[in-house]
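The structure presented is a predicted model; accordingly, all values stated were derived computationally and were not measured. Along the sequence shown, the residues carry numbers beginning at 1. Numbering of ligands and ligand atoms starts at 1, following listing order.
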Amino acid sequence: MDYPLTLAQILEHAHRIHADKHVTTLLPNGTLHRYNYATLYQRVKRLANALTELGVQRGDRIATYAANTYQHLELYYAIPCLGAVLHPLNVRLSPTQLAQIMRQAEDKLVFVDSEYVAQFQPLQDKIDFLQPVYFGPKSADTDTSYEELLSDAKSAYTWDIRDENSAMGLCYTSGTHGEPRGVLYTHRSMYLHTLAANQTDVFGLTEADVVLPIVPMFHAMAWGLPYASMFAGADIVLPGAKYTSIANLIADTGVTVAAGVPTVWAAAHPELRKRKTDISSLRRVIVGGEAMPPALIEVYEKELGVEICHAWGMTEMSPTGTFSKLRSKHQNLPDTEKWRIKAKQGRPIPGVELRLATETTDGFKELPWDGETIGELQTRSPWTANGYYKIEPTPEHFTNDGWLRTGDIATIDAEGYVQIVDRAKSLIRSGGESISSIALETALLKHPYVQEAAVVGIPDEKWGERPVAVVVCTKQTDENFSDILRQQLISEFPKFWIPDKFICVDEIPKTSVGKSDKRTILMQLTGSQPPVEKSRIRNSTRKKS
Ligand code: ADP
């Protein structure tokens with residue numbers, strides 16, 4: 001059959017087969033809002049009618065400025081299912097950046113979370129051509145209220161997406177290096193991504209799961225979890241804008257699978273550890289966006305008995321590319337060996353093609369999968385973009401033979417396990433050799449003094465660049481902490497890899513999606529602004545031999 005793959009199929013299936021499953025949202029007042037898929041379905045249909053009444057047409061971009069809540073989930077379905085394009089805005093970007101993005105996207109409407117009304121105001125001033133719809137109560141008669149729109153709308157709506165290749169979503173990269181770029185997803189690409197993500201050896205969600213996406217719904221479509229969870233019939237828990245305790249949320253709702261960037265799990269660990277018995281429902285944590293340090297994997301698996309699944313992907317890949325699970329032959333390995341394998345970014349999920357390449361004068365040459373050869377990671381799949389929104393594809397991002405250049409430098413071993421060595425833009429070039437910032441950070445994090453670490457390359461007249469480590473220390477550190485950390489690295493790395501300086505700071509700057517913000521760190525180290533150093537800075541400069 002020529003059967004179009006659309007998100008309406010996911011919604012209809014979820015409603016028909018799993019109508020009694022629940023969506024729970026943590027509200028700002030600390031209470032839980034809870035309804036079932038049947039109610040969600042009725043509200044989505046009303047919303048589709050309301051949007052149509054507002055003049056929304058096929059192909060229109062509709063922005064959301066919202067946290068992970070049930071209203072946002074309703075928009076995740078209503079907008080694409082009526083043929084328009086869902087455009088979740090990264091609420092942590094500046095109003096100037098967002099206004100530029102919205103102008104490029106030509107958003108027709110914007111939905112605003114009740115918790116973000118004040119922070120939306122400066123953006124509203126820049127995009128006053130758009131009348132926002134507010135999730136919360138109206139503050140002026142001229143405001144448009146989401147709930148009023150829904151209660152005034154008709155309840156019957158028939159989905160009519162015939163072309164599976166029509167756009168369903170527009171997401172911008174988080175802009176870790178450079179300005180955010182837009183990526184357009186189609187119904188077909190998101191449907192296929194959902195099927196792939198739900199395989200047992202990938203997210204492996206089932207009807208019995210209770211899924212907590214802590215990853216924001218504006219970060220690469222919450223990694224596809226809103227669609228994967230509902231297709232599986234899992235309960236969904238949405239943390240809203242102001243969760244204070246992940247442990248309480250897990251304990252109160254019986255979360256079995258949670259997903260977020262490593263920073264979230266590093267911060268949550270002390271609290272989860274205290275509440276070990278209450279959070280016994282949690283069986284798996286999906287983590288990605290940046291490298292999950294093996295030391296963190298170890299504490300979760302050993303102390304909390306929670307399986308850590310490390311994933312790699314990109315906004316350009318909808319976003320899932322690889323998923324790290326042990327193979328059957330690894331089951332009898334010692335734990336430390338298992339964690340070492342799990343700390344790799346994993347193997348390509350079914351449907352994703354990867355190649356390791358190096359650029360030559362004759363084009364790209366493929367490199368061997370031997371776990372040692374380092375090359376540029378390139379990919380293609382039914383859910384990988386072949387261009388950026390309203391930007392002509394350039395050879396910097398796409399090859400002539402149709403592969404996406406991920407910008408990541410990696411090795412791939414004979415079994416297909418990818419290990420990201422660095423982003424090309426973060427790789428430190430010193431004296432003509434490469435130094436992996438990720439490898440140094442991973443090694444530093446093994447030391448009990450080190451809670452967080454980021455290594456950057458600062459310009460150096462003689463060597464081109466030299467590594468400098470910025471670390472958050474766990475407690476009162478030793479006066480000689482630089483020497484201690486240097487010793488920690490010296491046995492693992494060549495001498496020229498060892499950072500010239502170790503700087504202890506209170507916190508490491510983060511990007512809008514919680515990754516280490518190396519651009520800002522570099523600026524603080526080299527520019528006019530000093531890094532946020534502790535009152536007593538203990539650093540030292542290594543003499544190069
Ligand atoms: P941005 O490039 O602006 O950060 P994305 O959030 O889409 O936007 O980030 C994709 C990039 O994040 C990847 O190319 C890779 O560099 C990094 N990344 C994602 N997952 C991982 C991971 N598990 N380990 C290391 N790096 C990762």
- Task: Examine ligand 1 and decide if any of its atoms is less than 4.0 Å from a heavy atom belonging to Gly313.
- Result: yes

- Query: Between Ala311 and ligand 1, which residue portion shows a heavy-atom distance shorter than 4.0 Å: side chain, backbone, both, or neither?
  - Reply: backbone

- Message: Using a plain distance cutoff, I'd like to know if Met292 has any nitrogen or oxygen under 3.5 Å from a nitrogen or oxygen of ligand 1.
- Response: no

- Message: Side chain or backbone, does Gly175 bring an N or O within less than 3.5 Å of an N or O on ligand 1?
- Response: yes

- Which atoms of ligand 1 have any heavy atom of Trp312 under 4.0 Å away? 13 (C), 15 (C), 18 (N), 19 (C), 20 (N), 21 (C), 23 (N), 27 (C)

- Item | atom 24 (N) of ligand 1 [closest protein heavy-atom partner, distance rounded to 0.1 Å] | Gln345 NE2, 3.0 Å

- For Glu376 and Arg405, run salt bridge (Lys or Arg N to Asp or Glu O under 4.0 Å): C-alpha distance rounded to whole Å, both residues' side-chain angles, the deciding distance at 0.1 Å, then the answer. CA-CA 7 Å; Glu376 173 182 317; Arg405 301 182 66 184; 2.6 Å; yes

- Query: Any non-hydrogen atom of His219 lying under 4.0 Å from ligand 1?
  - Reply: yes

- Task: Quick one: look up the protein heavy atom nearest atom 11 (C) of ligand 1 and list residue, atom name and how far away it is.
- Result: Arg423 NH2, 3.2 Å

- Query: Looking at Lys338 and Glu301, does any basic side-chain N land under 4.0 Å from a carboxylate oxygen?
  - Reply: no

- Query: To the nearest 0.1 Å, how far is atom 7 (O) of ligand 1 from its closest protein heavy atom, and which atom is that?
  - Reply: Thr315 OG1, 2.6 Å

- Message: Suppose we screen for side-chain contact (heavy atoms from CB on, under 4.5 Å). Which residues come up paired with Thr69, at least two apart in sequence or across chains?
- Response: Thr25, Ala67, Gln71, His72, Asp113, Phe135

- Closest protein heavy atom (residue, atom, distance) for atom 8 (O) of ligand 1: Ser174 OG, 3.1 Å

- Item | Student check: side-chain heavy atoms of Val264 and Ile246 closer than 4.5 Å | yes

- Item | Contacting atoms of ligand 1, where contact means under 4.0 angstrom from a heavy atom of His310 | 22 (C), 23 (N), 24 (N)

- May I ask you to identify the nearest protein heavy atom to atom 26 (N) of ligand 1, giving residue, atom name and distance to one decimal place in Å? Glu290 CA, 3.6 Å

- Query: Taking all atoms of both residues into account, what is the closest heavy-atom pair of Met292 and Ile297, and its distance?
  - Reply: CG-CG1, 3.5 Å

- Cationic N near anionic O, under 4.0 Å, Glu465 to Arg429: no

- Tell me, with the steps shown, if Val110 and Leu89 meet side chain to side chain contact (heavy atoms under 4.5 Å, CB included). CA-CA 9 Å; Val110 54; Leu89 299 170; 4.3 Å; yes

- Smallest separation among heavy atoms of Leu86 and Pro80, with atom names: CB-CD, 4.3 Å

- Message: Measuring from non-hydrogen atoms of Gly407 to any atom of ligand 1, is the shortest distance under 4.0 Å?
- Response: no

- A student comparing Glu316, Lys515, Arg181, Met314 should find that the heavy atom closest to atom 5 (P) of ligand 1 comes from Lys515

- Task: Do me a favour and list the nearest non-hydrogen protein atom to atom 25 (C) of ligand 1 with residue, atom name and distance?
- Result: Ala291 N, 3.2 Å

- Task: Give the residue, atom name and distance (to 0.1 Å) of the protein heavy atom nearest atom 14 (O) of ligand 1.
- Result: Asp408 OD2, 2.8 Å

- Message: Test of understanding: given a 4.0 Å heavy-atom threshold, classify the contact between Thr176 and ligand 1 as side chain, backbone, both, or neither.
- Response: both

- What about Gly288: any of its N or O atoms under 3.5 Å from an N or O on ligand 1? no

- Message: When you measure from the heavy atoms of Val513 to every atom of ligand 1, does any distance fall below 4.0 Å?
- Response: no

- Does Lys518 come within less than 4.0 Å of Glu290, counting only side-chain N to carboxylate O? no

- Query: Does the side chain of Val202 come within less than 4.5 Å of Pro350's, by heavy atoms?
  - Reply: yes

- Query: How close does the nearest protein non-hydrogen atom get to atom 17 (C) of ligand 1, and which residue and atom is it?
  - Reply: Gly289 O, 3.4 Å

- Query: Got Leu195 and Phe231 here, is their nearest side-chain heavy-atom distance under 4.5 Å?
  - Reply: yes

- SB check Asp413 Lys344 (cutoff 4.0 Å): yes

